[in-house]
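Labels below follow one simple rule: chain letters A, B, ... track the order of the sequence lines, proteins then strands, and each chain is numbered from 1.
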2 protein chains.
Amino acid sequence: MSTATPQQAPSVRETAEAWESLFRAQVAVMRRLQADPAFKELGMKEYDVLFTLSTCPEGGLRLNELNDHVLLAQSSLSRLVERLERRGLVARRAAPDDARGILITLTEAGLEAQRRIGRGHVREIARLFGSALDGDELAELTRLTTKLRQHVVQNHAL
Amino acid sequence: MSTATPQQAPSVRETAEAWESLFRAQVAVMRRLQADPAFKELGMKEYDVLFTLSTCPEGGLRLNELNDHVLLAQSSLSRLVERLERRGLVARRAAPDDARGILITLTEAGLEAQRRIGRGHVREIARLFGSALDGDELAELTRLTTKLRQHVVQNHAL
DNA sequence: TCAGGATACATGCATTTGCATCTATCTCCG
DNA sequence: CGGAGATAGATGCAAATGCATGTATCCTGA
């Protein structure tokens with residue numbers, strides 16, 4: 001499938017440095033985002049679930065698919081979704097093709113909440129990132145992290 | 001998008017895309033790291049504290065300084081450190097210049113644990129990152145995330 | 001100098017999380 | 001077919017977390 005890249009594998013030192021830097025940046029940004037009053041109503045993880053569902057609108061997602069996007073144990077996500085359902089933000093129904101599975105979809109209220117919170121969220125991100133990186137740098141950051149994620153997901157199944 | 005516009009003021013869309021991509025990459029990598037058996041002995045957050053302490057060896061760190069590096073509420077970190085102390089991995093003593101503060105330092109056992117776990121950790125990171133990005137890309141990723149973190153920390157105090 | 005407010009950390013308590021395990025369903029291959 | 005193992009999701013329970021608040025100490029300005 002992939003022709004081997006001509007260059008040698010990067011050193012352990014380089015990779016560790018990159019991960020450390022990526023991780024710390026994520027922590028720094030996340031700390032500021034969490035402080036946003038918009039997340040009093042709904043935690044980051046809850047919002048993340050609503051957001052992920054909003055990007056795959058038709059038919060919703062299975063619990064295990066959702067689980068790939070969120071950093072939570074399966075049981076924790078199960079109960080998080082249960083809470084969202086109790087709040088009327090998502091609906092759960094049996095998956096059509098697999099009687100073991102459940103399909104989770106956004107309700108109208110859930111979609112509305114996602115959009116409302118998402119607007120403030122996105123504005124806050126722009127505020128944090130805007131002065132830090134220019135357009136080219138942002139594009140490059142997006143490219144690199146996307147490439148990293150894709151390789152990790154493809155070549156290192158859980 | 002305007003190719004003619006040089007830079008400054010990236011769009012909300014661009015920043016949101018970059019953050020989403022950065023965040024998802026972090027989740028994907030973190031998921032794999034957490035699966036490493038090395039983290040049965042000590043969770044990621046616990047390791048993160050030991051690692052942070054290991055990078056500032058002389059005199060240790062104050063609890064509130066530590067808190068800047070970890071994505072935990074102050075009370076949670078307080079108790080996390082308490083647990084590490086009970087396991088003999090860190091020591092807590094009164095800060096010399098401020099009677100309200102405590103200074104946290106690695107014990108010998110803590111340093112040993114950090115090094116031992118860190119070795120496997122770093123190897124696992126190299127395995128995940130190595131095939132994904134080449135040396136130049138890693139360096140650029142490091143540069144961009146470092147720049148992002150610095151700007152966020154400097155311009156957006158909590 | 002000292003009152004009012006800020007800061008550092010700890011603690012009570014309800015919520016959330018993860019691990020282990022359970023049930024139900026699916027898949028494969030004899 | 002049919003039984004062994006895999007997979008999806010739920011649940012009991014102990015541990016971890018966050019919020020609100022408490023206590024002690026520090027700082028500032030009148």
Side-chain angles (χ1 to χ4, degrees), chain A residues 27 30-49 53 59-87 89-105 157-158, chain B residues 27 30-49 53 59-87 89-105 157-158:
Chain A
V27 169
M30 188 61 88
R31 265 200 166 296
R32 270 86 188 165
L33 288 180
Q34 284 183 332
D36 192 297
F39 290 106
K40 279 299 179 193
E41 171 184 359
L42 210 59
M44 278 290 311
K45 289 164 186 166
E46 284 81 359
Y47 172 76
D48 196 10
V49 166
L53 288 172
L61 282 178
R62 295 282 295 269
L63 200 54
N64 57 354
E65 295 173 315
L66 255 184
N67 215 158
D68 293 336
H69 295 280
V70 182
L71 208 46
L72 276 177
Q74 174 267 319
S75 61
S76 304
L77 179 59
S78 180
R79 281 189 264 237
L80 170 43
V81 168
E82 187 186 8
R83 266 171 270 144
L84 289 176
E85 185 188 32
R86 242 186 271 126
R87 295 174 64 170
L89 300 174
V90 305
R92 312 200 302 174
R93 55 202 171 83
D97 56 328
D98 187 339
R100 296 168 299 179
I102 62 170
L103 211 52
I104 302 146
T105 53
L158 280 174
Chain B
V27 168
M30 189 61 89
R31 267 200 164 294
R32 270 89 188 162
L33 289 179
Q34 284 183 331
D36 193 297
F39 290 107
K40 279 298 178 192
E41 172 185 357
L42 211 59
M44 278 291 311
K45 288 165 185 165
E46 284 81 0
Y47 172 77
D48 196 12
V49 166
L53 288 172
L61 282 179
R62 295 282 296 269
L63 200 55
N64 57 353
E65 295 173 313
L66 256 183
N67 216 156
D68 293 336
H69 296 280
V70 183
L71 207 47
L72 278 177
Q74 174 267 317
S75 61
S76 305
L77 179 60
S78 180
R79 281 188 266 234
L80 170 43
V81 168
E82 187 185 7
R83 267 171 270 145
L84 289 176
E85 185 188 32
R86 243 185 272 127
R87 296 174 64 170
L89 301 173
V90 305
R92 312 201 301 176
R93 55 202 171 83
D97 56 327
D98 186 339
R100 295 168 300 178
I102 62 170
L103 211 51
I104 302 147
T105 53
L158 282 173

(message) Closest-nucleotide mapping onto DNA chain D: is Gly101(A) or Leu71(B) further toward the 5' terminus? I mean the 5' end.
(response) Gly101(A)
(request) Kindly say if Lys45(A) contacts the phosphate of dT16(C), meaning a side-chain N or O under 4.0 Å from OP1 or OP2. (result) no
(request) Would you mind reading off the distance between Asp98(A) atom CG and dG9(D) atom C1', rounded to a whole angstrom? (result) 10 Å
(message) Salt bridge check, Glu46(A) against Arg83(A): does any charged N sit closer than 4.0 Å to a carboxylate O?
(response) yes
(request) May I have the distance from Leu72(B) (atom CG) to dA16(D) (atom P), rounded to whole angstrom? (result) 12 Å
(message) I want to check one thing: is the phosphate of dG18(D), taken as OP1 and OP2, less than 4.0 Å away from some side-chain N or O of Ser75(B)?
(response) no
(message) Quick check: closest heavy atoms across Gln34(A) and Phe39(A), and the distance to 0.1 Å?
(response) O-CB, 4.3 Å
(message) Rounding to an integer number of Å, can you tell me how far Asp97(A) CG sits from dT27(C) P?
(response) 9 Å
(message) For a quick check, tell me whether the side chain of Gln74(B) and the base of dA8(C) share a donor-acceptor pair closer than 3.5 Å.
(response) no
(request) Taking only the side-chain nitrogens and oxygens of Ser76(A), find out if one of them lies under 4.0 Å from OP1 or OP2 of dG18(C). (result) yes
(message) Nearest whole Å is fine: how far is dT25(C) P from Arg100(A) CZ?
(response) 10 Å
(request) Provide, to the nearest angstrom, the distance between the CZ atom belonging to Arg79(A) and the P atom belonging to dA10(D). (result) 10 Å
(request) Round to the nearest Å and state the distance from Ile104(A) atom CD1 to dG9(D) atom C1'. (result) 10 Å
(request) Using whole Å, report how far CG of Leu77(B) lies from C1' of dC19(D). (result) 16 Å
(request) Taking Asn67(A) for its side chain and Leu77(A) for its backbone only, find out whether a donor-acceptor pair lies under 3.5 Å. (result) no
(message) With a 4.0 Å cutoff (strictly under), does any side-chain N or O of Asn64(A) reach OP1 or OP2 of dT7(D)?
(response) no
(message) For Val70(A), is there any backbone N or O sitting under 3.5 Å from a side-chain donor or acceptor partner on Asp48(A)?
(response) no
(message) OP1 or OP2 of dC9(C) versus the side-chain N and O atoms of Arg62(B): is any pair under 4.0 Å?
(response) yes
(request) Round to a whole Å and report the spacing from CG of Leu80(A) to C1' of dT17(D). (result) 15 Å
(message) Looking at Asp68(A) and Arg31(B), is there a salt bridge between them, counting it only when a charged N and a carboxylate O are closer than 4.0 Å?
(response) no
